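This report refers to the structure that appears directly beneath it.
Proteins come first, then strands; the chains are lettered A, B, ... in the order of their sequence lines, and each starts at number 1. This one's a predicted model, so the numbers in the text were calculated from it and none came from an experiment.
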Amino acid sequence: MRLNSGVIKMKTDELGDWRRTHYSTDINPQLDGKQVVVMGWVREIRDLGGIRFIILQDRKGTVQITVPQDAADQKIVAKSGLLHRQDCIAVKGAVKKMDKAPRGAEIVPDNIKILGAAKQPLPLDITGRTPAEIDVRLDFRVLDLRSDRSQAIFKVRHVVLEAVREFLSKNGFLEVNTPKIIASATEGGAALFPIVYFEREAFLAQSPQLYKEQLVIDFEKVYEIGPAYRAEKSHTRRHITEFMSIDIEQAFATAEDVMNVAEKLMYNVCKKVNEECQEELKILKHKVPEPKVPFKRLTYTQVVEELQAKGIEIHWGEDIPTPAFRTLGAIHPYFYFITEWPSNLKPFYIKPRQDNPEISEGFDLMWSWIEIASGGTRVHDKEVLLKRLKEQGLHPESFKYHLQAFDYGMPPHAGWAIGLERLVMMLTGIKNIREVVLYPRDRFRLTP
RNA sequence: GCCCUGGUAGUAUAGUCCGGCCUAGUAUAGGCGGCUGUCGCCCGCCCGACCCGGGUUCAAAUCCCGGCCAGGGCGCCA
């Protein structure tokens, strides 16, 4: 962690009775002569000697503040000369129609308040002209998040979440929240983070899987958007230890039913991002496809054959390694499902097919080489579930409360989970998952 | 857990292979001064760095060893 040694000497002003009247983007030539108050952060200062231009940034955009040295009150001239990049300021003044100004209008200040000073020199250049590495950017995340790039990423993320909630709610799914502190570490699969829970050990939930399955008994269609924790030592651009999982579970449904939900959801998400984030996608230099539904369905067997044809050493029944997925992504650059996975590659709660138990009703939703979602028809017969648990080396006693749910009328059901960050990565073209999380957690990073 | 690469001013880089002309170059940021229409303004001056420890050598940013940190990949990952 680097710290700069600059000292803030600036005495700041009180907000007092000043309130914002306009955002930067509201300032236009039609407001010529109108008194306004704008608030935000100093993006850039261009001092030409006789005239000084201050670019003020707020959450909507930027507007130019112009201080002509001869015309203006000398107190304003002096005050504007004290400003630094990223100082938080408020400006009261008159809008002036001006063809030469960025939005055809600028503000000539009558008064300026410095509300919060910024230590100089800044640890990174938020205009991105002198780029900083991801590590430095994350160390000074509050500053970094002010950049156009970060603002664009988190706007897209917001629109994705909005689209997901809107779509699932409209389709009859009830939003639920399940515990993230859990008692048992025996669900199998990914490693869990142990925590001290008073005088006992507890764990951070790696998935809401078991809870959402139980909840279909009571609510039939549920979804949850919440954090999941995985204590894997993965060190790649697509792994973090704390991520947001979008989960659904639906009663009286099979894999095919929830695949339909997933592809329609993806269609809606892409459509909404395209509609509402054109500016942001331009900043990120990225294009989002309008996906064609239904998505391609490839069976696991087909995938293995395609990979073998590409000269990759892989045999039926083996998991698909990362480099093979990259090859697959090159063949299928957009969305596709991989279905009919071997049962032994899928978790215990994924239903083996009736006609051939070697093959499961589990699926993955891929976008190019990235796994976006994973799901399937669930086992809803308690005996089969017990058998699957034992086969995978798990202890039924540890699942006492989960198994109990199967005694009270468990309906056939299916569901999936989408990794929000991976989806946002693909929608924004961002190559490092940490960039699409405000304060990412990975194997090595626990701060800020 | 394994493998690869790297660590030079606030930031980003050149120099490292092949030790000495490095008193460490450049850009940007920052400070000071000049400039009345900038929009990556411009011009001048200034400030500021070889990750830490040990070794080799007449001489180490450069070579060797150890450590720490970072980036990436693999494996792992319901």
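Residues A:Y229 and A:F203 fail the side-chain proximity criterion, which asks for heavy atoms closer than 4.5 Å. Residues A:I54 and A:V91 have side chains not in contact (no heavy-atom distance under 4.5 Å, counting atoms from C-beta outward). Side chains of A:R297 and A:E256 form a contact here, defined as non-hydrogen atoms less than 4.5 Å apart. The shortest distance between side-chain heavy atoms of A:W416 and A:S374 does not fall below 4.5 Å.
Distance check on atom P: B:C64 versus B:C18 gives 9 Å, rounded to whole Å. B:U62 and B:C21: their C1' atoms are spaced 15 Å apart (whole Å). Spacing of C1' atoms, B:G40 relative to B:U11, comes out at 16 Å, to the nearest Å. Comparing the C1' positions of B:U8 and B:A24 gives a spacing of 8 Å, expressed to the nearest Å. On the P atoms, B:G20 is 14 Å away from B:A59, given to the nearest whole Å. Going from the C1' atom of B:G67 to that of B:A9 covers 25 Å, rounded to whole Å. Atom C1' of B:C35 sits at a distance of 31 Å from the matching atom of B:U13, rounded to the whole Å. Distance check on atom C1': B:G15 versus B:G19 gives 13 Å, rounded to whole Å.
Across every strand in view, B:G53 sits in a pair with B:C65 that passes the Watson-Crick or G-U test at under 3.5 angstrom. Base pairing of B:C18 is not made with any nucleotide, judged by Watson-Crick or G-U wobble geometry with both donor-acceptor distances under 3.5 Å. Partner assigned to B:G71 is B:C4, using Watson-Crick or G-U wobble distances below 3.5 angstrom. As the counterpart of B:U28, B:G10 is assigned, both hydrogen-bonding distances of the Watson-Crick or G-U wobble pattern falling under 3.5 Å. Pair assignment for B:G48: none, as no Watson-Crick or G-U wobble contacts are both less than 3.5 Å.
At a threshold of 4.0 angstrom between heavy atoms, the contacts of A:R434 are confined to the sugar-phosphate backbone, with no base atom among them. Counting any heavy atom pair closer than 4.0 Å across all strands shown, A:R445 reaches no nucleic acid atom. Nucleic acid contact class of A:R388 (heavy atoms, under 4.0 Å, all strands): none. Heavy atoms of A:P68 sit nowhere under 4.0 angstrom from any nucleic acid atom. If you check every strand for non-hydrogen atoms under 4.0 Å, A:A101 touches a base. Using a 4.0 Å heavy-atom distance criterion, A:K96 is classed as a base contact. Within the nucleic acid shown, A:Q64 comes within 4.0 Å of at least one base atom, counting heavy atoms only.
When rounded to the nearest whole Å, the span between CD of A:Q206 and C1' of B:C77 equals 9 Å. Regarding A:R103, its CZ atom lies at a distance of 18 Å from the C1' atom of B:G37, rounded to whole Å. Per the geometry, CD1 belonging to A:I54 stands 14 Å off P belonging to B:C41, to the nearest Å. Residue A:H235 contributes atom NE2, which lies 16 Å from atom P of B:U5 at whole-angstrom precision. Note: CD (A:Q86) to P (B:G30) measures 11 Å, nearest angstrom. Rounded to whole Å, the distance from CG on A:D139 to C1' on B:U11 is 13 Å. Atom C1' of nucleotide B:C77 and atom CD1 of A:I320 are separated by 15 Å, given to the nearest angstrom. The distance from atom CD1 of A:I107 to atom P of B:G37 is 21 Å, rounded to the nearest whole Å.
Distances were taken from every side-chain heavy atom of A:D135 (C-beta onward) to each of B:G1, B:G71, B:G72; the shortest belongs to B:G71. Closest approach to the A:T322 side chain among B:C77, B:G30, B:C41 is made by B:C77 (side chain taken as heavy atoms from C-beta onward). Among the nucleotides B:U11, B:U38, B:C74, the one closest to any side-chain atom of A:T130 is B:U11. Nearest nucleotide to the side chain of A:D47, out of B:U11, B:C35, B:C74: B:C35. Among the nucleotides B:G75, B:C39, B:C77, the one closest to any side-chain atom of A:P321 is B:G75. Closest to the side chain of A:T66, out of B:G37, B:G10, B:C74, is B:G37. Taking only side-chain atoms of A:R85, from C-beta outward, the nucleotide of B:G73, B:G37, B:A29 with the closest atom is B:A29. Of the listed nucleotides (B:G71, B:A12, B:G37), B:G37 has the atom at the smallest distance from the side chain of A:F53.
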Show the numbers, then the answer: is there a ring-ring contact (aromatic ring centres under 6.0 Å, His included) between A:F348 and A:F399? CA-CA 12 Å; A:F348 69 89; A:F399 295 85; 5.4 Å; yes
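Considering only residues two or more places apart in sequence or on other chains, A:R52 meets the side-chain hydrogen bond (donor to acceptor under 3.5 Å, both in side chains) condition with A:D47, A:S80.
Shortest non-hydrogen contact noted between A:V38 and A:H22 is CG1-O, 3.5 Å.
The base of B:G30 has none of its N or O atoms less than 3.5 Å from a complementary donor or acceptor on the side chain of A:H84. Contact of A:E106 with B:G37 (side chain to base): a donor-acceptor pair of N or O atoms is detected under 3.5 Å. A:S234 contributes a side-chain N or O that forms a donor-acceptor pair with the base of B:C76 under 3.5 Å.
Along RNA chain B, the nucleotide closest to A:R129 and the one closest to A:L138 are compared, and the more 5′ of them pairs with A:R129. Across the interface with RNA chain B, nearest-nucleotide mapping of A:T236 and A:M98 shows A:M98 to be the residue nearer the 5′ end.
The pair A:D135-A:R445 meets the salt-bridge criterion, with a side-chain N (NZ, NE, NH1 or NH2) lying under 4.0 Å from an Asp/Glu carboxylate O.
Remark: A:R326 is in phosphate contact with B:C74, judged by side-chain N or O atoms under 4.0 Å from OP1 or OP2. For A:N432 and B:G71, the shortest distance from a side-chain N or O to OP1 or OP2 is not below 4.0 Å. Here A:R46 does not reach the OP1 or OP2 of B:C42: none of its side-chain N or O atoms lies under 4.0 Å away.
Annotation for A:K113: atom NZ counts as buried by contact number, over 12 foreign heavy atoms lying within 6.0 Å.
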